[in-house]
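By convention in this document, chain letters (A, B, ...) are assigned in the order of the sequence lines, proteins followed by strands, and residues within each chain are numbered from 1. All values below come from the heavy atoms of this structure, side chains included, with hydrogens, waters and symmetry mates left out.
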2 protein chains.
Amino acid sequence: MPHRRSALQPGPATSRGATREQVDAAVRTGLLTGRFIPGKSVTIRGLAAELGVSPMPVREVLQRLAAENALEVKSNGRIQVPDMTPTRFDEVLKARLLLEPELAELALPNLAAGDAGRLQTIDDDIDRCLVDGDAEAYLRLNHAFHFSIYRASGSRVLLPLIDSLWLQFAPFMRTVYGRVGTASLVDRHKEAIRAIELGDKDALHAAIAADIRDGMGLLGKEILAGA
Amino acid sequence: MPHRRSALQPGPATSRGATREQVDAAVRTGLLTGRFIPGKSVTIRGLAAELGVSPMPVREVLQRLAAENALEVKSNGRIQVPDMTPTRFDEVLKARLLLEPELAELALPNLAAGDAGRLQTIDDDIDRCLVDGDAEAYLRLNHAFHFSIYRASGSRVLLPLIDSLWLQFAPFMRTVYGRVGTASLVDRHKEAIRAIELGDKDALHAAIAADIRDGMGLLGKEILAGA
DNA sequence: CGTGTCATTTTGTGATCACAAAATCCTGCG
DNA sequence: CGCAGGATTTTGTGATCACAAAATGACACG
């Protein structure tokens, strides 16, 4: 059977590069929500069949994600989700601490009162996920919380860099949460929301940095302990 | 006429993904040395013909570089070198100031005495380029200088981020140097070398930051003045 | 039962094709 | 001479093919 686009479907919105964008979004959210496990190899034909498209757009998307260091092309050409190492973890943590608080500050002037309310809603959902132990939903919502702030900056430079960082550590965090559970997680979201409401640059900077340290830094020992 | 690989050449080293890597290197150095002008569109078939390969590896490379924000895919699918804007310039400058001094610090313990000598050699060549007014050679050597330091860090996270930043501002800087010349350029390379020789973390951090500010920040007014 | 070897399958890569949308060029009209 | 409109070319995209390398599995031998 040929691929989906062969069958003439009445779908009206097959604009330029629509298939590639669909594949890109699928793989990205898959990485961010932990549906791809570090070390597991991803095959072009496999993903293409799974998504019902030809291998061509999948090839381009995987190359793109490899360029963002979200995937790793090994010397034999196989593509896989990179393994996390202690030094890599430290580097991602350092990069996040350098970039994310700064971008949050940049976004602060663009955040209206309605945004604080929206963030509050997301954070409430996050709290529910933590008690339910729904790690996948937590990852998705935590990403939504942070990037709702970052996106308000309108940045086209810092934001893609941070995007790349999240794609790099998210798959690993998923395995960590799967092991230690979500109950022990703490965040500084409420402080961040309060800082946004007050328009306090320094408080927001501190809240984001503390949130990164609490959410990620505390789990750094896990990889040192676990083999 | 078919493409080059059709003719069976005795080339022994046609390993996995060799063509793509060749194309990738060609476009990357082209961007870093200013052979691609901002705003100018890059065509897949054009580049493929120019490099003597099929459009296929070019497609993947351009997608990769678009993922790194070194190229821009417009809504109609055309690919072009992004234009520089004042806000974009400020963001790149801010990101560089955040990341590069930090990575230099990380690299410092791995820099031996021989490295300082090698950097000195590069800096001497740079000084020659400045008096000769050879902007392209300057861009290439300045990149070599900075990344000789950064690469010593062995970083696999921060280094790619900085790589992306350089690909974003290099084409623009080329046009600036073409307009104002290279005579007015100053750098803090000698201070950086001295800091490396002394193993002084803080001095190296300050030297790299000052170098970025002098080499890039001073020219920020150019884009505000020139339309 | 373990192990090395060979056949089979899977997989990435480069190339080419078909198609639609966009851009470009040319022409004819005002 | 300027400019609108249509034909032509260019260009990106998705699909498929051919090929070589790598991974996998089967199987015979020790």
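- Within 3.5 Å, a donor on the side chain of B/R59 pairs with an acceptor on the base of D/dG14, or the reverse.
- As a whole-Å value, the separation of B/E72 CD from D/dG12 C1' is 16 Å.
- In terms of phosphate contacts, B/N76 brings a side-chain nitrogen or oxygen within less than 4.0 Å of OP1 or OP2 of C/dA23.
- Across the protein-nucleic acid pair, B/L62 atom CG and D/dT13 atom C1' stand 14 Å apart, rounded to whole Å.
- Rounded to whole Å, atom P of D/dT13 lies 15 Å from atom CD of A/Q22.
- The CD-C1' distance, from A/Q63 to D/dG14, rounds to 17 Å in whole Å.
- In summary, B/R64 and A/E60 do not engage in a salt bridge, as defined by a charged side-chain N under 4.0 Å from a carboxylate O.
- In this structure, A/R96 is positioned above the aromatic face of A/W166, its NZ or CZ under 6.0 Å from the six-membered ring centre and within 45° of the axis.
- Rounded to the nearest 0.5 angstrom, B/D163 CG and B/F147 CZ are separated by 4.5 Å.
- Between the C1' atom of C/dA23 and the CZ atom of B/R78 lies a distance of 6 Å, rounded to the nearest Å.
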Decide salt bridge (charged side-chain N to carboxylate O under 4.0 Å, His left out) for A/R156 and B/E91; before the verdict, give the C-alpha distance in whole Å, the side-chain angles of both, and the deciding distance to 0.1 Å. CA-CA 8 Å; A/R156 313 236 321 150; B/E91 263 198 81; over 6 Å; no
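- In this structure, the CE atom of A/M56 is 11 Å from the C1' atom of D/dC17, given to the nearest Å.
- In this structure, the nucleotide among D/dA15, C/dG14, C/dT13 sitting nearest to the side chain of B/P57 is C/dG14.
- Remark: P of D/dT13 and CG of A/D24 are 13 Å apart, rounded to the nearest angstrom.
- Residue B/S54 places no side-chain N or O under 4.0 Å from the OP1 or OP2 atom of C/dG14.
- For the pair B/Q80 CD and C/dA23 P, the computed distance is 11 Å after rounding to whole Å.
- Residue B/V42 is in sugar-phosphate contact alone, with no base atom involved, counting any heavy-atom pair closer than 4.0 Å across all strands shown.
- When heavy atoms are screened at a 4.0 angstrom cut-off, B/R20 is found touching the sugar-phosphate backbone but no base atom.
- As judged by a 4.0 angstrom heavy-atom cut-off over every strand, B/R16 is placed among the base-contacting residues.
- Residues A/R28 and A/D24 are paired through a salt bridge, judged by an N-O separation under 4.0 Å between the basic side chain and the carboxylate.
- Here C/dA18 is the nucleotide among C/dG12, C/dT16, C/dA18 with the atom lying nearest to any side-chain atom of B/R45.
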